[in-house]
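Heads up: the structure comes next, in structure tokens.
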Amino acid sequence: MIEQLLCKNIADAIKSIYQTEVDLSSISLQKTRKEFEGDFTFAVFPYLKITKKSPEQTSNDIGQYLKDVLDEVNDFNVIKGFLNIVIKKSYWLSFLNQNINNKSFGFNPVKKSTPVMVEYSSPNTNKPLHLGHIRNNLLGWSVAEILKANGENVLKVNLVNDRGIHICKSMLAWKIWGNMETPQSSGLKGDHLAGKYYVLFDKNYKKEVEELVAKGYDKEVAEKQAPLMLEAQKMLRLWEAKDEDVLKLWNRMNAWVYEGFDVTYKTMGIDFDKTYYESNTYLLGKSIVEKGFNENKLIQKEDNSIWADLTGEGLDEKLLLRSDGTSVYMTQDLGTAHQRHEEYKPSKMIYVVGNEQNYHFDVLKLVLKKLGYDWSDSIYHLSYGMVELPEGKMKSREGTVVDADLLIAEMIETARQTAFELGKIDDFESEAAIKLYHTIALGALKYFILKVDPQKNMMFNPKESIDFNGNTGPFIQYTHARIKSLLNKADNVISNHVDVNINIVEKEKNLLQLIHEYPAVINQAAESLSPALISNYIYELAKEYNGFYQEIPIFKEENMELRDFRIALSYFVSNIIKSAMGLLGISVPDKM
RNA sequence: GGUUCCGUAGCUCAGUUGGAUAGAGCAACAGCCUUCUAAGCUGUGGGCCAUUGGUUCGAAUCCAAUCGGAAUCACCA
């Protein structure tokens, strides 16, 4: 690409004019700001110590060198210490010619063999997915796709938390009050059915606790002594003892939940290469902890429990094995990480997990390091903040969890109503129309969530997300559909070659520059694991295109070569929008 | 209290490895439908980049302190 060429020649210029070698990687260019003439800008300030000349003189020297040496450089200008380099329009046009038919433009063709693992979703099987899972799923899936586009060999992994006291609570409530209810008999999605009984358990459990408190029990004691809780704990023990009846119920109920999850995943367009179940992995980790203890890397307390001492690293001590020898969450995670490393030797293990577990992952990495596993650095916690709705915070503790299925259904309904109000569609119940509402609703949701920096807590405003103006998914879908319909009218005139001598206007050159940037954007998004970078890029591209070609009708153009160019450019832009939106998991309709 | 993250227009958010006069959208206001789709486009107003110091040619960006907000600090997962 032209940037590298310019950087290399700038280094050559400094060497030839000032007789000093500079490190090529230290030279960087930026896009020239709109208010100045030029395509790329080089700031000379850091090199003044070498050149021993004024910023202006230095810029002029280097600019002149580039102009003399490089055919692609048309001209240059200097403002203060900024060297603005003007690239010939013919370069941009030949770039268009070279890449227009490349369907995977921007994607790295070199495929790496070392796998990168991305773990996301990680649901509990006692309740349906909620808004937090939506952000998790979208982020994980999108990051995986971006890495793939960049040539990584990605393994998408889900770790289902299918065991523990929580699922026992659902099972117990179902046994007591369920009347043998099934998804078929109740018409409920399997995960919602389990969730219903989890809530039922909680309600009755709280009632029991209140009754005990009224009888004079201490609240803490009451919480432990409530009959329902004792019963649930008994069930967990039976499960661990592989009691036949409990296992049967557990299998049955989990199967319902998985069916429900699959529907939600499918609706969202989320998939996995591999699913792990905690019931298979919860005993892992003990051996590496014991090994670490034998090697004197861990400490033991009087009650025989085993701990990692992280006080030297500025953290506390962390329990790894209980006094009865059973493992805790951390032990399991140590085990699964170890197992995955043994199995795949991934160059990176990315865990998409909410920021409430930042501390957990800090500890995880430190303990692994302490135990002598040098691959602990390959673990990366992709942490994300909470999603809130305008109505208020969504926290499970406050009981205002926003259900994922419900939210998606509401988004689809909003899309339907908007189309109806605007009179956009003739047959509102046709298959095509229903598919379109679905596409728009999901596009709105995904785009809005992915465009925000993961680290930040965010506000999801459903109404704003589905607006067709502004930085939204539907706006980009709309732009794509418009380009497609335009190209449809022109399909007999699409040429795969554009005359490099035609005159193009500034805005068209801006579009070409933006397209030119696309591979770098994907690369950077992969490096920083940031779908937000992609969405901001597409918006800029779509806006630039939409604004411009709304004003300049392509088919009015009498100059056939210019018209061909504009059609070719439109074609390229629509392809990039489609491919970039694909990385966010958003489909773009050809017609809407 | 310790640790981590966040603080940019009334609201929701961008802001590339430190670069030129701080960017969008929404909301407000003023225009644009005989062209390809107005689910759109164009324009106007709106800022102590939380505060204060430091680092340097240059700071929203890096460092320190302070003030606000969030998360976390379990023999839960």
Side-chain angles (χ1 to χ4, degrees), chain A residues 25-26 28 30-33 35-36 41-46 48-49 55 79-82 84 122 124 161 163-166 278 282 301 303 305 307 314-316 318-324 326-330 332-333 354-363 383 385-386 388 390 393 415 418-419 421-424 440 448 451-453 455-461 463-472 474-475 477-479 481-490 517 520-521 524 528 530 532-533 535-536 539-540 543 546-556 570 591-592:
Chain A
S25 61
S26 74
S28 68
Q30 47 196 300
K31 252 170 80 176
T32 303
R33 292 180 70 110
E35 55 274 31
F36 302 106
T41 297
F42 176 63
V44 300
F45 302 104
L48 296 182
K49 277 178 193 153
I79 296 163
K80 292 189 245 171
F82 295 95
N84 298 322
S122 315
N124 289 353
N161 183 6
R163 65 161 285 280
I165 192 77
H166 52 86
E278 209 168 281
Y282 82 106
K301 297 211 169 171
D303 62 354
S305 56
W307 299 69
L315 301 177
D316 285 333
K318 183 76 192 175
L319 177 86
L320 297 180
L321 284 180
R322 296 190 183 100
S323 50
D324 61 4
T326 57
S327 59
V328 293
Y329 175 46
M330 181 60 71
Q332 295 170 38
D333 252 15
N355 62 8
E356 69 273 9
Q357 292 198 33
N358 286 352
Y359 181 73
H360 173 80
F361 280 95
D362 286 347
V363 172
S383 158
M386 214 164 21
E388 291 167 17
K393 295 185 178 184
T418 315
E421 280 160 18
L422 294 167
K424 286 289 156 188
I440 291 173
F448 198 94
K451 78 173 176 165
V452 180
D453 177 8
Q455 211 154 27
K456 292 182 175 173
N457 288 352
M458 69 171 292
M459 174 80 73
F460 175 66
N461 185 333
K463 222 177 122 192
E464 196 178 314
S465 77
I466 213 160
D467 197 337
F468 284 77
N469 291 305
N471 191 356
T472 66
F475 169 76
Q477 290 173 321
Y478 168 75
T479 304
R482 254 196 63 216
I483 300 176
K484 276 293 178 190
S485 103
L486 182 156
L487 290 173
N488 221 12
K489 294 202 172 181
E517 258 181 67
V521 171
Q524 210 182 328
S528 53
S530 167
L533 228 51
S535 55
N536 283 308
Y539 177 60
E540 204 180 329
K543 194 173 130 85
N546 210 359
F548 182 51
Y549 280 123
Q550 185 118 13
E551 285 185 334
I552 313 276
I554 291 176
F555 293 107
K556 273 256 172 144
S570 302
K591 226 179 124 183
M592 63 190 281

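Below, chain A is the first sequence line, B the second, and so on; all start at residue 1.
- Within 6.0 Å of CD in Glu517(A) there are more than 12 heavy atoms belonging to other residues, nucleotides or ligands.
- The distance between atom CZ of Phe448(A) and atom P of C26(B), rounded to the nearest whole Å, is 13 Å.
- Nucleotide G2(B) holds its P atom 15 Å from the OH atom of Tyr359(A), rounded to whole Å.
- Residue Pro553(A) is classed as a base contact, given a heavy-atom separation below 4.0 Å to a base.
- Note: NZ (Lys543(A)) to P (G43(B)) measures 8 Å, nearest angstrom.
- Remark: C5(B) base-pairs with G69(B); criterion is Watson-Crick or G-U wobble with both hydrogen-bond distances under 3.5 Å.
- We find that CZ of Arg482(A) is positioned 7 Å from C1' of U37(B), with the value rounded to whole Å.
- Ser383(A) comes within contact range of no nucleotide atom at all, as no heavy-atom separation falls under 4.0 Å.
- When Watson-Crick and G-U wobble pairs are counted only if both distances are under 3.5 Å, A20(B) pairs with no nucleotide at all.
- In this structure, Ala520(A) reaches neither bases nor backbone, as no heavy-atom distance under 4.0 Å exists between it and the strands shown.
- No more than 12 heavy atoms of other residues, nucleotides or ligands lie within 6.0 Å of NZ in Lys591(A), so this atom counts as exposed by the packing criterion.
- A distance of about 33 Å separates the C1' atoms of U16(B) and A28(B), rounded to the whole Å.
- In this structure, Ile466(A) reaches neither bases nor backbone, as no heavy-atom distance under 4.0 Å exists between it and the strands shown.
- Rounded to a whole angstrom, the distance from the C1' atom of U61(B) to that of A14(B) is 14 Å.
- By the 5.5 Å and 30° criteria, Phe45(A) is stacked with the base of G19(B).
- Taking the six-membered ring where the residue is Trp, Tyr329(A) and His360(A) present parallel rings, their angle staying beneath 30° rather than reaching 60°.
- When distances are taken from the side chain of Met459(A) to each of C75(B), C13(B), U72(B), the shortest belongs to C13(B).
- Taking 90° from 0 as the syn/anti boundary, the base of C41(B) is oriented anti.
- Side-chain N/O atoms of Asn546(A) include one lying less than 4.0 angstrom from OP1 or OP2 on C41(B).
- For the residue pair Ser383(A) and Asn358(A), a side-chain donor N or O sits within less than 3.5 Å of a side-chain acceptor on the partner.
- Note on Arg33(A): every side-chain N or O is 4.0 Å or more away from OP1 and OP2 of U16(B).
- Among the heavy atoms of the strands lying under 4.0 Å from Asn161(A) are primed sugar atoms or P, OP1, OP2 only; no base atom is included.
- Under the stacking criterion of a centre-to-centre distance below 5.5 angstrom and an interplanar angle below 30°, Tyr478(A) is not stacked against the six-membered ring of G40(B).
- One interatomic measurement links the two molecules: CD of Glu464(A) to C1' of C26(B), which rounds to 5 Å at whole-angstrom precision.
- Looking at heavy atoms from C-beta onward, Ser122(A) lies out of side-chain contact with Asn161(A) at the 4.5 angstrom threshold.
- Closest approach to the Glu356(A) side chain among U72(B), C36(B), A77(B) is made by U72(B) (side chain taken as heavy atoms from C-beta onward).
- Close to G40(B), at under 4.0 Å from its OP1 or OP2, lies no side-chain N or O of Gln550(A).
- With a 3.5 Å ceiling on both atom-pair distances, A27(B) lacks any Watson-Crick or G-U wobble partner.
- Smallest separation of non-hydrogen atoms from Ala481(A) and Met592(A): CB-CG, 3.5 Å.
- Of the candidates U37(B), C13(B), A14(B), U37(B) carries the atom nearest the Ala481(A) side chain, counting heavy atoms from C-beta on.
- Interatomic distance, CD1 of Ile79(A) versus CZ of Arg33(A), reported as 11.5 Å (0.5 Å rounding).
- Set against C75(B), C13(B), G40(B), the side chain of Asn469(A) has G40(B) as its closest nucleotide.
- When the P atom is compared between C26(B) and U44(B), the two are found 15 Å apart, to the nearest whole Å.
- Nearest to the side-chain atoms of Asn355(A) among the listed nucleotides C36(B), A71(B), C73(B) stands A71(B).
- Counting any heavy atom pair closer than 4.0 Å across all strands shown, Met592(A) reaches a base atom.
- Here Gln524(A) lies in heavy-atom contact (under 4.0 Å) with a base.
- Heavy atoms of Gly164(A) sit nowhere under 4.0 angstrom from any nucleic acid atom.
- Separation of the C1' atoms belonging to C32(B) and U37(B) is 16 Å when rounded to the nearest angstrom.
- Mapping Ile483(A) and Arg322(A) onto RNA chain B by nearest heavy atom places Ile483(A) at the nucleotide closer to the 5' end.
- Across all strands, Asn84(A) comes closer than 4.0 Å to base atoms (heavy-atom distances).
- Here the straight-line distance linking atom CG of Asn355(A) with atom NZ of Lys456(A) works out to 13.5 Å at 0.5 Å rounding.
- Residue Pro55(A) is classed as having no contact, given no heavy-atom separation below 4.0 Å to the nucleic acid.
- Spacing between G7(B) and C49(B) at atom P, rounded to whole Å, works out to 14 Å.
- Among the nucleotides C13(B), A20(B), C5(B), the one closest to the side chain of Lys80(A) is A20(B).
- For A74(B), the OP1/OP2 oxygens have no side-chain nitrogen or oxygen of Lys318(A) closer than 4.0 Å.
- Within 4.0 Å of Tyr539(A), counting heavy atoms only, lie sugar-phosphate atoms of the nucleic acid but no base atom.
- Rounded to whole Å, atom C1' of A24(B) lies 11 Å from atom CZ of Phe475(A).
- The separation of A30(B) from A70(B), taken at their C1' atoms, amounts to 41 Å, rounded to a whole angstrom.
- With rounding to whole Å, Gln357(A) atom CD is found 10 Å from U72(B) atom C1'.
- For the pair Phe475(A)/Asn546(A), a side-chain contact is recorded, criterion being any heavy-atom separation below 4.5 Å from C-beta on.
- One interatomic measurement links the two molecules: CG of Asp467(A) to P of C11(B), which rounds to 19 Å at whole-angstrom precision.
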